[in-house]
Amino acid sequence: MTSHRVSWHEYFMNIAEQVATRSTCSRKNVGAVIVRDKTILSTGYNGSLRGAPHCDEIGHDIENDHCVRTVHAEANAVAQAAKHGVRIDESEIYVTASPCLTCFKLVANAGIRTVYFKEFYRDARITDYAKQCGVTLVFMGKE
């Protein structure tokens with residue numbers, strides 16, 4: 001009997017996809033998983049501020065074709081780590097969609113060294129910034 005055992009990268013991206021199912025903004029479901037040494041440190045999905053109504057309940061707050069009611073998955077994962085005192089320096093993050101520029105800057109300044117993403121989303125500037133600050137971007141989607 002042979003079974004297909006997924007790689008660590010596939011495993012963590014699969015978990016990020018599952019985390020995305022908790023999203024409360026129907027415009028885009030995004031999940032993020034922060035990992036170091038094959039251990040999950042934190043997760044996050046895009047959703048409203050803690051205790052505030054969700055987009056799915058009261059609608060979207062749109063600016064420049066972007067819902068600003070939600071906190072992005074990467075930011076929520078970093079915030080969860082900070083809230084619980086989890087060190088994420090020298091870690092990796094798996095995200096179902098590439099970070100926006102603001103989230104990329106947050107991720108880089110938090111010490112995350114590699115960003116794995118499945119879908120390219122919106123902002124090509126992260127490529128240049130990643131080169132400048134030594135963060136590795138790894139596309140895991142289909143060409």
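Sequential numbering from 1 along the given sequence is applied to the chain's residues.
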| said: Is there a side-chain contact (heavy atoms from CB on, under 4.5 Å) between Arg50 and Lys83? Walk through the geometry before answering. | reply: CA-CA 13 Å; Arg50 187 179 302 273; Lys83 180 179 179 183; 3.5 Å; yes

| said: Listing request: all ring pair (Phe, Tyr, Trp, His ring centres under 6.0 Å) pairs with a residue in residues 10-32, at least two apart in sequence or in separate chains. | reply: Trp8-Tyr11, Trp8-Phe12, Phe12-Tyr94

| said: So, taking the atom named NE2 in His9 and the one named OG1 in Thr114, what distance separates them when rounded to the nearest 0.5 Å? | reply: 8.5 Å

| field | Thr24 side-chain N/O to Asp56 backbone N/O, donor-acceptor pair under 3.5 Å | value | no

| When clusters are formed by joining ILVMFWY residues with side-chain heavy atoms under 4.5 Å apart, either directly or through shared neighbours, do Val71 and Leu101 land in the same one? | no

| Does the side chain of Phe104 come within less than 4.5 Å of Val135's, by heavy atoms? | yes

| said: Between Ile40 and Val138, is there shared hydrophobic-cluster membership here, with clusters defined by ILVMFWY side-chain heavy atoms closer than 4.5 Å? | reply: yes

| Between the side chain of Ser42 and the main-chain N/O of Ala77, is any donor-acceptor distance below 3.5 Å? | yes

| said: For a quick test of reading the model, state the closest non-hydrogen atom pair linking Arg113 to Gly134 and the distance between them. | reply: NH2-O, 3.0 Å

| task | Name all pairs fulfilling the ring pair (Phe, Tyr, Trp, His ring centres under 6.0 Å) condition that reach into residues 41-77, sequence neighbours left out, sorted by first residue then second. | result | His66-His72

| Just wondering, do Tyr129 and Lys105 contact through their side chains at under 4.5 Å, heavy atoms? | no

| query | Is any side-chain N of the basic residue among Arg69 and Glu57 closer than 4.0 Å to the acidic one's carboxylate O? | reply | no

| remark: Here the gap from Leu41 atom CG to Ile112 atom CD1, rounded to the nearest 0.5 Å, amounts to 9.0 Å

| message | Looking at every heavy atom in both Val19 and Gly44, which two are closest together, and how far apart are they? | response | CG1-O, 3.2 Å

| query | Same cluster for Val115 and Met140 if Ile/Leu/Val/Met/Phe/Trp/Tyr side chains link at under 4.5 Å? | reply | no

| Do the two ring centres, one from Phe117 and one from Phe139, sit under 6.0 Å apart? | yes

| said: Just verifying a value: how many Å separate Leu106 CG and Ile93 CD1, rounded to the nearest 0.5 Å? | reply: 8.5 Å

| task | Would you sort out whether Arg36 and Glu92 count as a side-chain contact (heavy atoms from CB on, under 4.5 Å), showing the intermediate values? | result | CA-CA 6 Å; Arg36 187 177 50 248; Glu92 309 170 319; over 6 Å; no

| request: Might you work through the side-chain contact (heavy atoms from CB on, under 4.5 Å) test for Ser26 and Cys55, ending with a clear yes or no? | output: CA-CA 7 Å; Ser26 58; Cys55 297; 5.8 Å; no

| Looking at CG of Asn76 and CD of Glu74, how far apart are the two atoms once the value is rounded to the nearest 0.5 Å? | 9.0 Å

| query | side-chain hydrogen bond (donor to acceptor under 3.5 Å, both in side chains) with Asp61: which residues, sequence neighbours excluded? | reply | none

| said: Looking at every heavy atom in both Ala20 and Gly31, which two are closest together, and how far apart are they? | reply: CB-N, 3.4 Å

| Between Ile126 and Ser98, what is the shortest heavy-atom contact and its length? | CD1-CB, 4.0 Å

| With a cut-off of 6.0 Å (strictly less than), are more than 12 heavy atoms of other residues, nucleotides or ligands near CD of Gln18? | no

| query | Can you tell me if CG on Asp89 sees more than 12 non-hydrogen neighbours from other groups inside 6.0 Å? | reply | yes

| In terms of hydrophobic clustering (I, L, V, M, F, W, Y; side-chain heavy atoms under 4.5 Å; direct or indirect links), are Val95 and Val6 co-clustered? | no

| task | Return yes when atom CZ of Arg27 has more than 12 non-hydrogen atoms of other residues, nucleotides or ligands closer than 6.0 Å, and no otherwise. | result | yes

| said: How long is the straight-line distance from OG of Ser91 back to CG of Asp37, given to the nearest 0.5 Å? | reply: 10.0 Å

| query | Where is the tightest heavy-atom contact between Glu10 and His4, given as atom of each residue plus distance? | reply | OE1-NE2, 4.2 Å

| message | How close do Val78 and Ile34 get, counting heavy atoms only, and between which atoms? | response | N-CD1, 4.0 Å

| What's the spacing between Lys131 NZ and Leu137 CG if we round to 0.5 Å? | 9.0 Å

| said: Can a side-chain donor-acceptor contact be found between Thr70 and Asn46 if the only test is distance below 3.5 angstrom? | reply: no

